2 protein chains.
Amino acid sequence: MSDSYHHGNLRQALIDAGMKIINESGEETLSLRKVAALCEVSHAAPYAHFKDKEELIEAIQSHVTDQFMKELEKAVNEAPTSEKALVDMGRSYVAFFMRRPDYFKFLFSGQNIVAHIQPGKDHPEDYPPFVLLKNTYLDYINENGIKRTKDEQEVDILKLWASAHGLASIACMSGVEVSFDWEKKISTEELLR
Amino acid sequence: MSDSYHHGNLRQALIDAGMKIINESGEETLSLRKVAALCEVSHAAPYAHFKDKEELIEAIQSHVTDQFMKELEKAVNEAPTSEKALVDMGRSYVAFFMRRPDYFKFLFSGQNIVAHIQPGKDHPEDYPPFVLLKNTYLDYINENGIKRTKDEQEVDILKLWASAHGLASIACMSGVEVSFDWEKKISTEELLR
DNA sequence: CACGCATCTTTACACTGTCAAGATAGCCGC
DNA sequence: GCGGCTATCTTGACAGTGTAAAGATGCGTG
């Protein structure tokens, strides 16, 4: 622990270093050699923990997704009703990426967009934010006695997801312009239908 | 023309070569030197036409956006009513990217997402697809005598855009999974409200 | 015709990801 | 406690990348 590293917890240090670089100078400046240097370790050391640059990036993406999930869960848990939970989750979804457009680009850019959909890589229905949305939605329709067929449910969820994700995407794509006060304009009910 | 090039229309040739590489082996394999090689030209030749790799990419993106716009316009023009035009445009929007997920990644990935929003780079409201959407929407509410305040109009448009773009994004992100038959599930009316 | 300028080539450099071969050291069975 | 195994890390090398500087080339305009 004292002179830790060297034999300590590289891997996590590499992930942290990666986050630092992204935060300070943007994703496009991230390189294997820089993270290695930041950890004061040779440029090939990362290969003991990640087979690829790709794999390092996926690990960092998972880390960002964790932060993202914390905010979504917070929004859901603090909401008084399941309806408000659904709406607030949407707000948090967009708000998170409007605060950190670079994170949006980092998570949903390039070839690795699917990859960091953590455990079941080929099963996006395991993507944590999606799972949370689904559960919150089910709570909502159950608690309010709303009857929907399976198909209708899928459509509802997809629409909720798509509008939040689309808004986030547009906001992050077009820089400042779309970041007018969307919260005031898109009301609670609007988001729900 | 005969032995054209060398002094002919490089620039366009570079863009075409770039498209070819992207189509054949994906965006991530695109490099300045490869496009140059494909045009049988030295690796620094592109710098006579583009100050940057970035600038080449923007030109290629514009080219893709042109194709995209052609499809959107076709959908709008062929629709019998302005209402159907609005819906079909949404369909085309998603369909285009579901057919070419690589184009989605190429257009909306990395640092250059804003850049190719062609003429007024810092004014996304000039982004051609957005303009088309806006006009189609205005036709729709005018022809049907629908009264909406300016603010409501903005929200309507943003919602339409966000759901189409979000759907496209989700479809392209998560690979195959979301590409269940959404056309059947998301009906005309659904897309409109 | 000659000049200028856009275009293109050559050369060079720093940086990148990746790999192979070797060093190092902690942990295991004995 | 000791020898070896294995995970970890270093060193050195290589091909590919973007980019800049300096020179060649040739077309169009004066």
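Numbered from 1 within each chain, the chains take letters A, B, ... in sequence-line order. Keep in mind it's a predicted model, so treat the numbers as computed, not measured.
Side-chain to base pairing of A/Arg33 with C/dG17: one donor and one acceptor N or O lie within less than 3.5 Å of each other. At a cut-off of 3.5 angstrom, the base of C/dT10 holds no donor-acceptor pair with the side chain of B/His43.
The CD-P distance, from A/Glu28 to C/dT16, rounds to 13 Å in whole Å. Between the CD1 atom of A/Ile57 and the C1' atom of C/dT16 there is a distance of 13 Å, rounded to whole Å. A/Lys34 has its NZ atom 10 Å from the C1' atom of C/dT16, to the nearest Å. The CZ atom of B/Arg11 sits 12 Å away from the P atom of C/dC8 (whole-angstrom rounding). Taking atom CZ of residue A/Phe50 and atom C1' of nucleotide C/dC19, one finds them 18 Å apart after rounding to whole Å. Distance CD (A/Gln12) to C1' (D/dT8): 17 Å, rounded to an integer number of Å. We find that NZ of B/Lys53 is positioned 9 Å from P of D/dT17, with the value rounded to whole Å. Atom CG of B/Asn9 is separated from atom C1' of D/dC27 by 15 Å (rounded to the nearest Å).
Across all strands shown, A/Lys51 has no heavy atoms under 4.0 Å from either base or sugar-phosphate atoms.
Of all non-hydrogen atoms in B/Thr136 and B/Leu132, the two that sit nearest each other are OG1-O, 2.6 Å.
The ring pair (Phe, Tyr, Trp, His ring centres under 6.0 Å) with B/Phe130 is formed by just one residue from the set B/Tyr93, B/Trp161, B/Tyr137; it is B/Trp161.
OP1 and OP2 of C/dT10 both lie 4.0 Å or more from every side-chain N or O belonging to B/Ser42. Not one side-chain nitrogen or oxygen of A/Tyr47 sits closer than 4.0 Å to the OP1 or OP2 atom of C/dC19. Phosphate proximity of D/dC9 to A/His49: present, with a side-chain N or O under 4.0 Å from OP1 or OP2.
The closest side-chain donor-acceptor pair between B/Tyr103 and B/Asn23 falls under 3.5 angstrom.
Checked for salt-bridge contact, A/Glu28 and A/Lys105 miss the test: no charged N lies under 4.0 Å from a carboxylate O.
Residue B/Ala44 is the one, among B/Ala44 and A/Asp52, whose nearest nucleotide of DNA chain C lies closer to the 5' end (criterion: closest heavy atom).
Between A/Met89 and A/Lys74, the closest side-chain pair of non-hydrogen atoms is not below 4.5 Å.
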